[in-house]
Amino acid sequence: MKILVTGGCGYIGSHTCVELLEGGYEIVVVDNFSNSKPEVIDKIKEITKKDFKFYEGNVCDKTLMNKIFDEENIDAVIHFAGYKAVGESVKYPLMYYRNNIDSTLTLCEVMNSHNVKKLVFSSSATVYGKPKVLPIKEDFPLSTTNPYGSTKLMIEGILKDIYISDNSWSIAILRYFNPIGAHESGLIGENPNDIPNNLMPYIMKVATGKLECLSVFGNDYDTKDGTGVRDYIHVVDLSKGHLKAIEKIKDTTGIDYYNLGTGKGYSVLEIVDNFSKVNNVKINYKIAPRRPGDIDACYADPSYAKEQLGWTAEKGIEEMCRDSYRFVMKNK
Ligand code: WQD
């Protein structure tokens, strides 16, 4: 099978490309480097010792996307490309709606016109909003509190309507929890082009001396130690989930939703503590005000993905912390 990976030079995209190549798939990657770097292409090739076709450009560019589907015999698509920073989306909603929705509409139109109707979509646990009950199951109520999350929820709705209009589509919507960690080689990892938004990139800036101390956004949440609890999942486990999704959709039609999480929640201070212990590095922190829009706790019930995809996260928090640190130390 030949898989088109949009955003394949990004954090999760690049790790998924490695797993796809090592799983025997042919891949084609399209990326505009808006939140990734060109050198990732060679890193993927170095890790896998495999080659693949790369197209630089924006998934919103219909001419480019038609060119790719005309030139390449694509069997299925994994769609990562999109902006993903919650805070940025609040400041620039129009940019987020234009980019994330437009790219998906263009992709689906071009897929349809080339009779390619197998799609894995990168969604997010953020579509669950502030869950009333934990752990979170796929049939929980959906709501969003920021434009980034709203683009994900809107795209889920668009994909559902596409399937309703044409039952020959096969769509897997993967709702990620909190991806951290990096490939064991240390060659690829989370390397945002600008100011990080997420916890682990900030911890890594403190670990490498680029930041004096970590701001812990609130310690008065309704959690074990008052700091925010999230379901952190190793990016390699998450990437393997995409191969399981491809296996699921390649011989079936339908649309379904899968939580890709570990089912275990860790607080901010637990992450800091684990990171420090595993890597023998002190992470200074100070308690800061809550970040607007943050929720107390969020973690998955991953049993449906296990049952339907035969997928379970295998790597523990220590490995996530060790692999994150190895990457940042090799790529200072
Ligand atoms: C995790 C915890 C913060 C930074 C978001 C998106 C989600 C997905 C992952 C894209 C929270 C705390 C963080 C810091 C801190 N992104 N924190 N100090 O907000 O759970 O999820 O990123 O798909 O869709 O919503 O992740 O890493 O930003 O925060 O205390 O400097 O760390 O308050 O409790 P979040 P995060």
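First listed ligand is number 1; within each ligand, the first listed atom is number 1.
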Would you mind writing out the side-chain donor-acceptor pairs for residues 271-278 within the sub-3.5 Å range, not counting sequence neighbours?
unit_1: D273; atom_1: OD1; unit_2: K277; atom_2: NZ; d: 3.3
unit_1: D273; atom_1: OD2; unit_2: K277; atom_2: NZ; d: 2.7
unit_1: N274; atom_1: ND2; unit_2: E270; atom_2: O; d: 2.8
unit_1: S276; atom_1: OG; unit_2: V272; atom_2: O; d: 3.0
unit_1: S276; atom_1: OG; unit_2: V281; atom_2: O; d: 3.1

What are the atoms of ligand 1, with element, lying closer than 4.0 Å to any heavy atom of D294? 3 (C), 33 (O)

Under 4.0 Å from one or more heavy atoms of G228, ligand 1 contributes atoms 34 (O)

Contact summary for E56 and L64, nearest pair of heavy atoms: O-CD2, 4.1 Å

Taking only Lys NZ, Arg NE, NH1 and NH2, and the carboxylate oxygens of Asp or Glu, determine whether R326 and D323 approach each other closer than 4.0 Å. yes

Grab the two heavy atoms, one from D237 and one from W311, that are nearest each other, plus how far apart they are. O-NE1, 2.9 Å

Judged by modelled atom types alone, do Y55 and E71 share a side-chain donor-acceptor pair under 3.5 Å? yes

Where ligand 1 meets L214 - atom numbers and elements under 4.0 angstrom, heavy-atom basis: 31 (O)

From V268, D231, L211 - option closest to atom 12 (C) of ligand 1 by heavy atom: V268

Quick test of your reading of the structure: of Y148, Y285, Y176, Y202, whose heavy atom lies closest to atom 16 (N) of ligand 1? Y148

Students should be able to answer this: which protein heavy-atom is nearest to atom 18 (N) of ligand 1, and at what distance? S215 O, 2.7 Å

Looking only at protein heavy atoms, which one is nearest to atom 24 (O) of ligand 1, and how far off is it? S124 OG, 2.7 Å

Charged N-O contact under 4.0 Å between E314 and K240: no

Tell me the protein heavy atom at minimum distance from atom 22 (O) of ligand 1, and give that distance in Å. N198 ND2, 2.8 Å

Per-atom contacts, ligand 1 versus V86 - under 4.0 Å to a heavy atom: 6 (C), 25 (O)

Separation between NZ of K117 and SG of C108, rounded to the nearest 0.5 Å: 11.5 Å

Per-atom filter on ligand 1: closer than 4.0 angstrom to a heavy atom of V216 are 30 (O)

On the six-membered ring of Y266, is K264 placed so that its NZ or CZ lies under 6.0 angstrom from the centre and within 45° of the ring axis? yes

Should one rank R175, R291, R230 by closest heavy-atom distance to atom 29 (O) of ligand 1, which comes out on top? R291

Provide, to 0.1 Å, the distance between atom 26 (O) of ligand 1 and the closest protein heavy atom, together with that atom's residue and name. N178 ND2, 3.2 Å

What about the rings of H242 and Y258, do their centers lie closer together than 6.0 Å? no

In the protein, which heavy atom is nearest to atom 27 (O) of ligand 1, and how far is it? L199 N, 2.8 Å

To which of F177, Y266, Y232, F217 does the heavy atom nearest atom 2 (C) of ligand 1 belong? Y232

